[in-house]
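Before any comments, here is the structure.
We use all heavy atoms of the structure for the numbers below, so side chains are in, but hydrogens, waters and symmetry mates are not. Naming: A, B, ... by sequence-line order, numbering from 1 per chain.
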There are 2 protein chains.
Amino acid sequence: MENKTERFEKLLVKNGLKRTAPRLQVLEILSGRDSATSQPYLEQVMGKDADRVTLYRVLQAFEEKGIIHKVLDQQGTANYAICSDGCSAHEHHDEHVHFNCDNCHKIYCLDTVKIPALKVPAGFKVEHLNLIATGLCANCSDKVN
Amino acid sequence: MENKTERFEKLLVKNGLKRTAPRLQVLEILSGRDSATSQPYLEQVMGKDADRVTLYRVLQAFEEKGIIHKVLDQQGTANYAICSDGCSAHEHHDEHVHFNCDNCHKIYCLDTVKIPALKVPAGFKVEHLNLIATGLCANCSDKVN
DNA sequence: CATTTTAATGCAATTATGTTGCAAATATAA
DNA sequence: TTATATTTGCAACATAATTGCATTAAAATG
């Protein structure tokens with residue numbers, strides 16, 4: 001299998017972004033997690049490796065290019081996850097469900113779950129859907145029992 | 001029909017809140033709009049009639065009592081709308097769809113639209129659903145044509 | 001490989017947003 | 001009318017986000 005860092009480098013180049021340390025580090029961190037990652041967490045993990053401002057700008061650039069997508073949790077905090085392949089700057093295929101665990105507070109991207117069609121009042125034209133479910137994730141509901 | 005202000009006063013008393021000017025003003029503003037209202041907008045409209053801190057506290061108290069509910073828009077900004085009758089401090093019946101117009105940026109509560117049942121992976125237990133649709137509202141899609 | 005060009009970073013300063021403590025003012029109860 | 005309990009507004013503080021700009025680093029060029 002191809003080297004992970006190499007893959008990230010290609011991803012950056014493909015999107016016209018320079019291969020820099022903070023950017024690779026963000027991709028590294030995000031790819032190593034099974035749920036969306038909050039900005040404060042990223043900030044903490046990166047520590048003094050990168051300025052807070054740089055992190056803002058990296059995340060913003062990634063989002064614009066469709067490399068990552070942003071989910072807001074119940075508190076309005078930004079969380080980020082690497083997009084699955086379908087995404088690009090033009091089209092964010094982000095129509096999957098996000099699951100917010102009340103217990104461990106992880107945010108899962110349930111890529112497999114499709115949002116059912118929705119009947120809206122006449123005149124309304126739906127472009128995107130953003131569905132956030134809250135409750136207990138598989139891990140946590142296991143532990144409770 | 002009963003006087004609107006009287007209704008608001010009763011609503012406050014019923015929830016153990018004192019009848020004060022800022023509280024009535026907030027109810028007045030929210031009730032006069034057909035979509036959820038952002039905190040910054042409220043702040044602007046109330047101007048020097050009420051302190052910023054007071055607005056925070058009024059909104060917080062109202063939310064706790066189930067008089068209004070909060071929706072976060074795509075930017076994470078808090079928006080508020082008066083709850084329909086089903087709500088109380090104990091149970092927020094907020095499982096309806098919010099529609100975020102890309103053009104006029106209004107947030108509509110589509111009370112009539114039910115969120116369809118959702119199939120989640122084994123182990124996940126859904127407690128609440130929060131569905132935000134974006135696109136064009138009836139007004140704006142009219143104007144475009 | 002040296003040099004030029006372009007983009008990205010880090011720092012400082014600024015602005016925006018949200019919170020807390022407390023004295024003064026106001027609404028309700030007595 | 002007075003007493004009690006809330007609520008308000010101010011000031012101070014804390015946190016989060018944004019902007020401008022000089023410096024640094026990456027890629028393009030010859």
Inset, instruction - Figure out the CD/C1' separation between A:Q25 and D:dA25, and round it to whole Å. - result: 17 Å

Inset, instruction - Determine the contact category for B:A50: base if any of its heavy atoms lies under 4.0 Å from a base atom, sugar-phosphate if only primed atoms, P, OP1 or OP2 are that close, otherwise nothing. - result: sugar-phosphate

Inset, instruction - With a 4.0 angstrom cut-off to heavy atoms of chain B, pull out the first and last contacting nucleotide of DNA chain C, in 5'-to-3' order. - result: C:dT17 to C:dT28

Inset, instruction - Would you mind reading off the distance between A:E9 atom CD and D:dA26 atom C1', rounded to a whole angstrom? - result: 12 Å

Identify all pairs in which a protein N or O lies below 3.5 Å from an N or O of nucleotides 27-30 of chain D, and state each distance.
{"residue": "D:dA27", "atom": "OP1", "partner": "A:R19", "partner atom": "N", "Å": "3.1"}

Legend entry - Passing candidate, side chain to side chain donor-acceptor pair (under 3.5 Å) with A:E9, options A:R19, A:R23, A:K14, A:K4: A:R19

Legend entry - Rounded distance [0.5 Å steps], CD in B:E63 versus NE2 in B:H69: 9.5 Å

Inset, instruction - Compute both the distance and the angle, then confirm whether B:R57 meets the cation-pi test with B:F62: under 6.0 Å from the six-membered ring centre, within 45 degrees of the axis. - result: no

Inset, instruction - List the atom of A:T37, the atom of A:L42, and the distance in Å for their closest heavy-atom pair. - result: CG2-CG, 3.8 Å

Inset, instruction - Go through the side-chain N and O atoms of A:Q39 and A:N79 and say whether any donor and acceptor fall under 3.5 Å apart. - result: no

Legend entry - Charged tip of A:R33 within 45° of A:Y41 ring normal and under 6.0 Å: yes

Inset, instruction - Measure across A:L72 and B:Q74 and return the closest heavy-atom pair with its distance rounded to 0.1 Å. - result: CD1-O, 3.3 Å

Inset, instruction - Mark up nucleotides 12-20 of chain D, 5' to 3', with B wherever a protein heavy atom is under 4.0 angstrom from a base atom, S wherever such an atom reaches only the sugar-phosphate, and - elsewhere. - result: ----SBBBB

Legend entry - Among A:C109, A:C137, A:S35, the one residue meeting side chain to side chain contact (heavy atoms under 4.5 Å, CB included) with A:F99: A:C137

Inset, instruction - For B:A61, report the nucleic acid contact type (base, sugar-phosphate, nothing); a contact means any heavy atom under 4.0 Å. - result: nothing

Legend entry - Aromatic ring proximity, centroids under 6.0 angstrom, B:Y108 and A:F124: yes

Legend entry - Closest non-hydrogen atom pair, B:V58 against B:P22: CG2-CB, 4.4 Å

